[in-house]
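None of the values given here were measured: they were computed from a predicted structure. Nothing fancy with the numbering, it's 1 onward along the sequence.
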Amino acid sequence: MSILIKNGRIVTAAEDYVADIYIAGEQIAAIGKDLSINAEQVIDASGKLVFPGGIDPHVHLDMPFMGTFSSDNYSTGTLAALHGGTTSVIDFILQTQGKSLRNALETWRGRSDGNAYGDYSFHMAVTDFNENTKKEIKEMIEEGITSFKTFMAYKGALMIDDGQMVDLMQEVKKQGGMVTVHATNGDMIDKLIAKHKSEGKLSPLYHYLSQPEVTEAEASGRFADMANYTGVPAYIVHMTCEGALNAVRRSTIRNQRVFVETCIQYLLIDASLYENDFEGAKWVMSPPLRQPKDQDALWAGINQGLVQVVATDHCPFKWEQKLMGKDDFSKIPNGHPAIEHRVELLFSEGVNKGKISLNKFVELTSTNASKLFGMYPKKGCIAIGSDADLVIFDPNKRHVISAQTHHMNVDYSGYEGWELTGKSETVLLRGQIAIDKGESKIEKGYGQFIKRNKVNGII
Ligand code: URP
Ligand code: ZN
Ligand code: ZN
């Protein structure tokens with residue numbers, strides 16, 4: 001199959017120009033002005049933006065968590081992602097404590113293989129680091145799983161202690177990988193949860209009040225210190241607040257580089273949503289939404305180069321699942337749906353409102369994740385030889401987010417009624433039109449596992 005995209009405004013992390021793109025098979029074969037090449041299909045992209053397919057490096061599909069499973073699986077989740085302009089995702093495999101990484105990988109492959117519409121890769125969450133796990137790090141990296149997720153919270157299920165963290169960092173550094181972290185102080189949070197419950201404070205607001213800013217700032221600083229000590233490339237996921245960002249800022253004083261991901265929700269919505277009684281359960285996630293001053297700090301951090309990635313932490317639960325915590329906030333499954341709308345929200349609220357440039361938008365939605373996680377230049381750029389993962393985007397199209405029309409397998413939206421300007425019109429994945437004007441054009445199973453390269457913490 002060959003496709004010629006004519007006259008689009010091509011936007012990458014570094015460039016912005018009008019030209020044609022010729023796609024042969026799965027890759028971009030030529031880029032130029034007025035290309036005179038015959039193609040089986042010609043798409044007129046005049047007046048449209050053409051940018052690299054989004055990469056969301058933080059999603060949870062079909063994940064067992066808090067007594068239930070996240071409600072989007074590889075099929076519904078990657079298809080919803082494509083509708084919104086995200087062509088690749090990185091999901092989290094969770095090691096079961098007492099079992100091997102291999103065991104967890106096989107379980108996740110059972111969920112992903114043959115089911116995805118979009119391309120995907122895995123981070124390996126190490127929840128039990130011991131001599132056996134240590135031997136598996138090299139194997140995982142050889143198989144293209146080059147990032148290792150850790151949790152400093154969720155004690156008894158996912159959390160590792162600082163001794164395990166340092167040992168893991170040393171091994172990952174040796175083998176050429178990256179350590180990523182959910183950086184919040186699990187012991188402090190557990191204590192606050194118990195205190196609030198003993199006082200009969202059980203509404204979603206107390207989820208927020210059990211995870212104050214200091215719990216994230218402290219853990220982020222501690223993680224940065226351990227990463228500095230071991231020298232491992234380090235990445236903090238879903239950062240929400242000024243205190244945590246300042247911990248990273250402080251680490252730059254000693255010339256350390258710690259990479260930071262925030263998520264679209266932490267830039268756009270705040271903790272006042274927890275005041276609406278149980279309705280607030282829609283936004284019960286960890287870490288919780290914060291204050292407007294934290295949003296300001298994150299937007300500034302993006303433009304200061306301290307925050308490299310905007311992801312989603314997409315971890316949807318249907319309303320009936322959220323009701324598991326009706327009488328106890330600590331039983332509300334943590335997570336919220338966003339995989340479909342990250343790119344359009346960031347464009348509408350970030351680019352259109354003058355908070356970030358178009359080039360920065362591309363960095364945040366695809367290029368930096370690709371570079372950090374060993375996928376560049378296959379993914380995250382528009383260049384000859386790169387995968388033809390492209391979004392043809394109408395910057396003027398207005399649309400309204402609603403659970404009635406979204407494609408995620410969840411019966412509410414955290415952004416119901418938001419009016420956005422800018423919509424993904426045609427989305428290509430490896431040279432195939434995946435979505436065209438709201439219609440899916442590919443089959444389940446088209447999505448492939450992305451074998452990632454070693455990473456060195458340089459982007
Ligand atoms: O609330 C969240 N974030 N749920 C998913 C698990 C995690 O901590 O990322
Ligand atoms: Zn987390
Ligand atoms: Zn997560």
Side-chain angles (χ1 to χ4, degrees), residues 1-56 78-79 81-89 117-119 342-344 346-347 351 356-371 375-397 422-442 446-448 450:
M1 179 76 185
S2 60
I3 299 178
L4 184 61
I5 302 173
K6 296 282 297 171
N7 291 317
R9 179 175 164 197
I10 298 172
V11 185
T12 68
E15 297 142 329
D16 188 340
Y17 57 97
V18 174
D20 304 341
I21 300 174
Y22 175 67
I23 299 162
E26 298 198 347
Q27 273 92 38
I28 295 170
I31 303 169
K33 280 261 183 219
D34 304 322
L35 289 180
S36 59
I37 306 176
N38 285 328
E40 285 157 82
Q41 189 169 352
V42 178
I43 301 174
D44 178 12
S46 310
K48 309 279 161 61
L49 306 179
V50 183
F51 50 75
I55 299 171
D56 188 342
T78 59
L79 185 57
L82 283 166
H83 274 279
T86 291
T87 47
S88 302
V89 301
Y117 285 83
D119 284 358
R342 175 187 68 125
V343 170
E344 291 166 353
L346 192 65
F347 183 85
V351 178
I356 52 170
S357 71
L358 254 179
N359 301 111
K360 181 62 86 175
F361 162 79
V362 174
E363 266 186 50
L364 295 168
T365 52
S366 67
T367 310
N368 283 349
S370 174
K371 288 181 175 176
M375 296 183 275
Y376 195 83
K378 180 179 166 65
K379 305 282 189 194
C381 64
I382 298 180
I384 293 168
S386 296
D387 280 1
D389 297 354
L390 298 167
V391 181
I392 302 175
F393 192 84
D394 183 343
N396 301 313
K397 175 107 179 168
K423 188 154 182 38
S424 302
E425 189 174 88
T426 306
V427 180
L428 291 95
L429 173 58
R430 282 181 286 103
Q432 289 288 315
I433 295 178
I435 304 293
D436 193 35
K437 298 186 184 66
E439 295 213 348
S440 163
K441 303 285 180 192
I442 51 169
Y446 183 73
Q448 281 180 359
I450 308 162

Where the side chain of [X] meets the backbone of [Y], is there a donor-acceptor pair that is under 3.5 Å apart?
X	Y	answer
Thr365	Gly54	no
Ser386	Ile382	no
Ser424	Gly84	yes
Tyr446	Ala434	no
Asp436	Thr426	no

What's the separation between atom [atom1] in [X] and atom [atom2] in [Y], rounded to the nearest 0.5 Å?
X	Y	atom1	atom2	result
Leu429	Thr86	CG	OG1	11.5 Å
Thr367	Ile55	OG1	CD1	7.5 Å
Ile28	Leu428	CD1	CG	9.5 Å
Ile433	Leu82	CD1	CG	13.0 Å
Tyr22	Leu35	OH	CG	10.0 Å

Tell me the closest heavy-atom pair linking [X] and [Y], and the distance in Å.
X	Y	answer
Asn396	Asp394	N-OD1, 2.9 Å
Leu358	Arg9	CD1-NH2, 3.3 Å
Ser440	Ile435	CA-CD1, 3.9 Å
Met1	Ile3	CE-CG1, 4.0 Å
Ile23	Gly431	CG2-CA, 3.8 Å
Ile5	Ala45	CG2-CB, 3.7 Å

Next on the checklist: Between Glu439 and Lys437, does the salt bridge (Lys or Arg N to Asp or Glu O under 4.0 Å) criterion hold? Intermediate values first, please.
Outcome noted: CA-CA 6 Å; Glu439 295 213 348; Lys437 298 186 184 66; over 6 Å; no
Test item: [X] and [Y] side chains (from C-beta on) under 4.5 Å apart, heavy atoms:
X	Y	value
Lys397	Glu425	no
Glu344	Lys423	yes
Ile10	Asp16	no
Leu346	Val351	no
Asp387	Thr87	no
Ile43	Leu4	no

Next on the checklist: Restricting to side chain to side chain contact (heavy atoms under 4.5 Å, CB included), what partner residues turn up for Glu15, sequence neighbours left out?
Outcome noted: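 Partners of Glu15 by the side chain to side chain contact (heavy atoms under 4.5 Å, CB included) criterion, ordered by chain and then number, come out as Thr12, Tyr17.
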Checklist entry - Can you list every pair that meets side chain to side chain donor-acceptor pair (under 3.5 Å) and has a residue in residues 31-40, with sequence neighbours left out? => result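 Pairs touching residues 31-40 that pass the test: Ser2-Glu40.
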Item to check | Arg430, Gln27, Lys379, Lys378 screened by side chain to side chain donor-acceptor pair (under 3.5 Å) with Asp389, the one that passes | outcome: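 For Asp389, the side chain to side chain donor-acceptor pair (under 3.5 Å) check succeeds only for Lys379.
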Next on the checklist: Do Asn359 and Ser357 pair up side chain to side chain, a donor and an acceptor below 3.5 Å, judged on atom types alone?
Outcome noted: no
Next on the checklist: Please determine whether a side-chain nitrogen of the Lys or Arg among Asp20 and Lys6 lies less than 4.0 Å from a carboxylate oxygen of the Asp or Glu.
Outcome noted: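 Between Lys6 and Asp20 there is a salt bridge, with a charged N closer than 4.0 Å to a carboxylate O.
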Checklist entry - Aromatic rings Phe393 and Phe51: how do their planes relate, parallel, tilted or perpendicular, breaks at 30° and 60°? => result tilted
Item to check | Derivation of the side chain to side chain contact (heavy atoms under 4.5 Å, CB included) call for Leu49 and Phe347 | outcome: CA-CA 11 Å; Leu49 306 179; Phe347 183 85; 3.7 Å; yes
